[in-house]
Amino acid sequence: MSELLNSSSSGTPRVRFAPSPTGFLHVGSARTFIFNWLYARRNSGTMILRLDDTDVERNTDASVHSIFEGLKWLGLNWDEEYKQSERGELHRQMAEAIFRKGLAYRDFTPAHTGDSERSGTQGTWLFNPGMRELSREESDRRAAAGEKFALRFRVPRDAGDVVRFTDAVYGEQIKAAADIEDFALLRSDGMPTYHLASCADDADLRITHIIRGQDHLSNTYKHVLIFEAAGFTPPQFAHLPLLVAPDGTKLSKRRHGPVVSVTTYRDAGFLPEAFINFLCLLGWSPKDDRTKMSRQELVEIFSLEGINRANAVVNFKENASSNASSALSTVIPSEARDPGVPYDEDTFDPKALWLNAEHIRGLAIGDLSERLLPIVREAGFNVTQERMVQITPLIRERIKLLRDILTAADFFFVDQLPPYDPAELIPQKGDAAMAQKVLTRAKEVLANVEFKHDPLDRALRAAAQELGLKAGQMFQPIRVAVCGRKNAPPLFETLEVLGKEKTLDRIEQATSRLK
RNA sequence: GUCCCCGUCGUCUAGCCUGGCCUAGGACAUCGCCCUUUCACGGCGGUAACACGGGUUCAAAUCCCGUCGGGGACGCCA
């Protein structure tokens with residue numbers, strides 16, 4: 001019944017992402033943003049970004065940058081933006097209103113006292129003795145005398161009192177008021193706490209759906225209390241299962257390293273759309289067999305019903321991440337990083353990698369080459385756009401991360417091939433002499449053939465037959481001579497793109513290496 | 001310690017609400033085969049899960065209870 005009233009009266013949804021800028025944007029936060037965004041876009045709603053910067057001590061500009069940077073990369077936008085620190089007046093007004101109704105009281109207990117006694121005490125702390133019962137007169141007198149106090153919510157204490165709400169994901173939630181402590185609304189310096197500020201803003205901004213991490217599920221009882229005390233109907237809640245590390249604990253930068261930071265994925269060469277796709281599949285399902293989905297597709301099919309309740313593991317390699325890439329701390333701007341330190345593919349969740357490769361394969365050549373070009377140039381190679389367009393089709397199905405272009409197509413970019421083991425030139429069931437014979441013949445043949453796929457194909461196959469070799473035995477030495485390794489794109493296409501001059505030059509060099 | 005949440009292949013998940021169509025489906029990873037000039041892509045196939053114990057029922061992954069396991073919250077942090 002209440003659900004009906006709520007949804008019919010709320011009009012278009014208004015959702016918000018409210019990070020506290022105390023660190024880089026991490027993957028869990030990004031997912032929360034995405035789910036909110038998807039919900040807003042799906043239902044023609046409004047997406048609001050609110051910086052919950054109430055904690056002056058811990059907020060940093062760098063963190064705000066990191067959040068914006070991450071969201072920008074993901075291509076996620078928002079319609080309204082607020083800073084909680086600029087809305088203090090609103091928060092105090094709500095506190096005042098609650099206090100005047102007698103639903104909050106002043107607590108003159110000095111701050112930071114409960115720490116040690118709490119751990120020693122059996123059972124839950126509920127309130128500081130003596131404060132909840134203080135008469136209004138005495139409370140006013142002490143406040144007027146300038147005594148510092150925190151404002152606490154007067155949680156109902158009658159037997160049988162309960163707080164309840166319906167969560168779109170976790171269903172009916174009921175908790176005995178006796179299990180909720182008298183939480184603070186205002187600190188003794190007059191600043192609002194998170195609970196108060198958050199609720200005041202959510203009410204003021206007419207937020208209709210609060211979609212956030214499940215770590216807030218038990219805070220929600222307090223929020224319901226605040227909303228109701230201030231005379232507002234609480235919004236709808238939808239709590240998301242947490243993203244956890246392979247060890248089952250909440251993702252944290254300290255413990256798990258850069259794999260929890262969004263910019264790490266960007267710098268490693270993930271496609272934003274693939275990364276979004278991956279994140280969506282953690283804790284949400286389209287309920288059919290689809291896995292690869294475009295942003296548009298996600299907007300079309302996203303719904304709160306598809307969210308599940310169990311925590312989802314981001315299956316990265318813990319050791320690899322903390323050792324191999326600790327130097328790549330995401331706090332350091334990308335320019336400052338050592339480009340020589342490669343991202344280890346093994347650190348990432350294999351499904352993220354696969355999805356990325358899947359999205360890469362789905363990209364048009366022009367699009368992909370445009371994304372590849374800056375990476376290649378940043379690595380110090382001089383490559384034209386035209387050339388990149390030629391190379392791209394040869395590696396599109398061979399890379400998982402954009403940065404893989406650097407290792408997959410290196411031989412196109414350099415003048416001189418890095419040293420390789422001449423033994424690689426020797427074909428299957430052959431010897432150095434055979435390799436020598438192949439390369440010598442190849443040189444002659446290639447000197448007089450048009451460097452296009454079909455003529456190359458015909459000429460080299462014919463040469464193989466002449467020499468009494470299998471095609472593979474013919475191609476392998478040439479491939480290694482030209483690419484510097486056995487595993488490479490198809491030979492004829494490669495030769496065509498590489499050109500006659502470089503090809504002949506490299507074969508020449510290979511023959512001398514064989515000696 | 002108190003309260004809350006969760007528990008299907010190694011991982012992400014479908015199925016659970018509305019018991020039978022589930023000898024539990026898909027995807028990634030892994031293994032094998034095929035395709036093939038290498039690699040990759042692609043195709044085909046294999047290994048692999050209802051945490052456990054009790055109920056209820058003709059019938060339980062699905063409903064109930066308990067146990068165990070995991071996670072989260074209990075701040076004048078957010």
Side-chain angles (χ1 to χ4, degrees), chain A residues 18-22 52-55 57-59 84 107 109-115 118-125 148-152 167 170-171 173-176 178-181 183-195 197-198 213-222 239 241-242 244 246 248-250 278 281-292 308-315 349-355 357 361 395-400 408 427-428 457 460-461 464 470-476 478-480 483 485-492:
Chain A
S20 57
T22 57
D52 278 7
D53 53 352
T54 311
D55 188 352
E57 306 273 302
R58 300 199 302 154
N59 293 333
Q84 198 162 61
D107 181 353
T109 313
H112 306 301
T113 51
D115 229 25
R118 177 192 227 79
S119 45
T121 315
Q122 307 284 12
T124 316
W125 176 92
K148 296 270 189 219
F149 63 87
L151 192 71
R152 285 189 185 282
D167 188 274
Y170 289 91
Q173 302 295 312
I174 302 174
K175 189 170 189 165
D179 290 322
I180 304 170
E181 75 281 4
F183 54 94
L185 259 20
L186 293 176
R187 304 172 192 158
S188 44
D189 61 2
M191 292 293 287
T193 62
Y194 159 75
H195 297 304
S198 177
Q214 190 241 45
D215 47 346
H216 284 291
L217 192 61
S218 42
N219 285 331
T220 306
Y221 299 101
K222 296 172 191 169
H239 286 89
L242 262 25
V244 298
T249 60
K250 215 159 69 144
F278 170 65
L281 260 14
L282 295 173
W284 174 82
S285 158
K287 307 273 186 190
D288 56 25
D289 288 347
R290 270 183 285 190
T291 45
K292 184 195 169 194
N308 40 260
R309 284 164 288 277
N311 290 170
V313 174
V314 183
N315 200 10
D349 189 315
K351 192 139 194 182
L353 249 14
W354 173 81
L355 263 175
R361 279 177 227 125
I395 49 79
R396 181 168 53 174
E397 301 191 339
R398 272 163 261 266
I399 59 174
K400 288 183 176 151
Q428 284 282 306
D457 189 331
L460 289 174
R461 278 185 204 279
K470 291 190 170 181
Q473 289 176 308
M474 180 81 198
F475 301 156
Q476 162 114 326
I478 303 174
R479 176 179 296 111
V480 173
C483 302
R485 71 179 108 92
K486 286 180 182 168
N487 300 345
L491 187 60
F492 310 128

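Convention: sequence-line order gives letters A, B, ...; per-chain numbering from 1. This structure is a prediction, so every number in the text was calculated from the model and none was measured.
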Classify [X] by what it touches in the nucleic acid, base, sugar-phosphate, or nothing, heavy-atom distance under 4.0 Å.
{"X": "R396(A)", "value": "nothing"}
{"X": "H216(A)", "value": "base"}
{"X": "R461(A)", "value": "base"}
{"X": "S198(A)", "value": "nothing"}
{"X": "F278(A)", "value": "nothing"}
{"X": "T193(A)", "value": "sugar-phosphate"}
{"X": "P490(A)", "value": "base"}
{"X": "Q473(A)", "value": "nothing"}

[atom1] gap between [N] and [M], integer Å:
{"N": "rA40(B)", "M": "rC34(B)", "atom1": "P", "value": "15 Å"}
{"N": "rA14(B)", "M": "rC63(B)", "atom1": "P", "value": "15 Å"}
{"N": "rU18(B)", "M": "rG70(B)", "atom1": "C1'", "value": "30 Å"}
{"N": "rG54(B)", "M": "rA49(B)", "atom1": "C1'", "value": "22 Å"}
{"N": "rC58(B)", "M": "rU13(B)", "atom1": "C1'", "value": "32 Å"}
{"N": "rA51(B)", "M": "rG10(B)", "atom1": "P", "value": "12 Å"}
{"N": "rG1(B)", "M": "rC22(B)", "atom1": "P", "value": "45 Å"}
{"N": "rU56(B)", "M": "rC65(B)", "atom1": "P", "value": "15 Å"}

> Is there side-chain contact between N59(A) and T22(A), with at least one heavy-atom pair below 4.5 Å?
Replying inline: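 They are in contact (side-chain heavy atoms under 4.5 Å apart), so the answer is yes.
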
> Can you find a pair of side-chain heavy atoms, one from F183(A) and one from N219(A), that are under 4.5 Å apart?
Replying inline: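 Answer no - side chains too far apart.
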
Between atom [atom1] in [X] and atom [atom2] in [N], what is the gap in whole Å?
{"X": "I478(A)", "N": "rC39(B)", "atom1": "CD1", "atom2": "C1'", "value": "17 Å"}
{"X": "D167(A)", "N": "rA73(B)", "atom1": "CG", "atom2": "C1'", "value": "15 Å"}
{"X": "Q428(A)", "N": "rU38(B)", "atom1": "CD", "atom2": "P", "value": "10 Å"}
{"X": "D215(A)", "N": "rG72(B)", "atom1": "CG", "atom2": "C1'", "value": "7 Å"}
{"X": "D179(A)", "N": "rG72(B)", "atom1": "CG", "atom2": "C1'", "value": "15 Å"}
{"X": "Q173(A)", "N": "rG72(B)", "atom1": "CD", "atom2": "P", "value": "17 Å"}
{"X": "F492(A)", "N": "rC39(B)", "atom1": "CZ", "atom2": "C1'", "value": "15 Å"}
{"X": "Q214(A)", "N": "rG71(B)", "atom1": "CD", "atom2": "C1'", "value": "7 Å"}

Can you name the closest pair of heavy atoms from [X] and [Y] and give their distance?
{"X": "D349(A)", "Y": "V314(A)", "answer": "OD2-C, 3.8 Å"}
{"X": "F475(A)", "Y": "L460(A)", "answer": "CE2-CB, 3.8 Å"}
{"X": "G283(A)", "Y": "P241(A)", "answer": "CA-CG, 4.0 Å"}
{"X": "K250(A)", "Y": "D215(A)", "answer": "NZ-OD2, 3.5 Å"}
{"X": "Y170(A)", "Y": "H239(A)", "answer": "CE1-O, 3.3 Å"}

Any strand counts, and the cut-off is 3.5 Å on both contacts for Watson-Crick or G-U wobble. Which nucleotide pairs with [N]?
{"N": "rU30(B)", "value": "rG46(B)"}
{"N": "rC74(B)", "value": "rG1(B)"}
{"N": "rA14(B)", "value": "none"}
{"N": "rC63(B)", "value": "rG55(B)"}
{"N": "rU38(B)", "value": "none"}

>> Assuming nearest nucleotide by heavy-atom distance, tell me which of K222(A) and Y170(A) is located more 5' along RNA chain B.
In response: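 Checking each residue's closest nucleotide, the 5'-ward one belongs to Y170(A).
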
> More 5' along RNA chain B: R398(A) or T54(A), using each one's nearest nucleotide?
Replying inline: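 Taking each residue's closest nucleotide, the earlier one in sequence belongs to R398(A).
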
>> Can you confirm whether more than 12 heavy atoms, excluding those of K175(A), are under 6.0 Å from its NZ atom?
In response: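 Check passes, neighbour count above 12.
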
>> Can you tell me if K250(A) touches the phosphate of rA73(B), counting only side-chain N or O atoms and a distance under 4.0 Å to OP1 or OP2?
In response: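 So the side chain of K250(A) is within the cut-off, an N or O lying under 4.0 Å from OP1 or OP2 of rA73(B).
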
> Do any side-chain nitrogens or oxygens of R290(A) fall under 4.0 Å of OP1 or OP2 in rA27(B)?
Replying inline: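 R290(A) to rA27(B) OP1/OP2: no side-chain N or O under 4.0 Å.
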
>> Please determine whether any donor N or O and acceptor N or O are separated by less than 3.5 Å between the side chain of S188(A) and the base of rC76(B).
In response: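 Flag set: donor-acceptor pair detected.
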
> For the side-chain hydrogen bond (donor to acceptor under 3.5 Å, both in side chains) test, which of D53(A), D55(A), D52(A) pairs with Q84(A)?
Replying inline: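 By the side-chain hydrogen bond (donor to acceptor under 3.5 Å, both in side chains) criterion, Q84(A) pairs with just one of D53(A), D55(A), D52(A): D52(A).
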
Distances for protein N or O near nucleotides 12-18 of chain B N or O, under 3.5 Å:
{"residue": "rC12(B)", "atom": "OP1", "partner": "V313(A)", "partner atom": "N", "Å": "2.8"}
{"residue": "rC12(B)", "atom": "O2'", "partner": "L281(A)", "partner atom": "O", "Å": "2.6"}
{"residue": "rC12(B)", "atom": "O2", "partner": "K351(A)", "partner atom": "NZ", "Å": "3.4"}
{"residue": "rU13(B)", "atom": "OP1", "partner": "G283(A)", "partner atom": "N", "Å": "2.3"}
{"residue": "rU13(B)", "atom": "OP1", "partner": "N308(A)", "partner atom": "ND2", "Å": "3.4"}
{"residue": "rG15(B)", "atom": "OP2", "partner": "K287(A)", "partner atom": "NZ", "Å": "3.2"}

> Would D288(A) and R290(A) pass as an ion pair if we require N to O under 4.0 Å?
Replying inline: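 A salt bridge links D288(A) with R290(A).
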
>> For E181(A), is there an ion pair with R152(A) - N to carboxylate O distance below 4.0 angstrom?
In response: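 Salt bridge between R152(A) and E181(A), a charged N being under 4.0 Å from a carboxylate O: no.
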
> Nearest 0.5 Å, what's the CG-CG distance between N315(A) and L282(A)?
Replying inline: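 Between N315(A) CG and L282(A) CG, I get 10.0 Å after rounding to 0.5 Å.
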
> Base, backbone or nothing for each nucleotide of nucleotides 41-49 of chain B, written B, S, -, heavy atoms under 4.0 angstrom, 5' to 3'?
Replying inline: SS-------

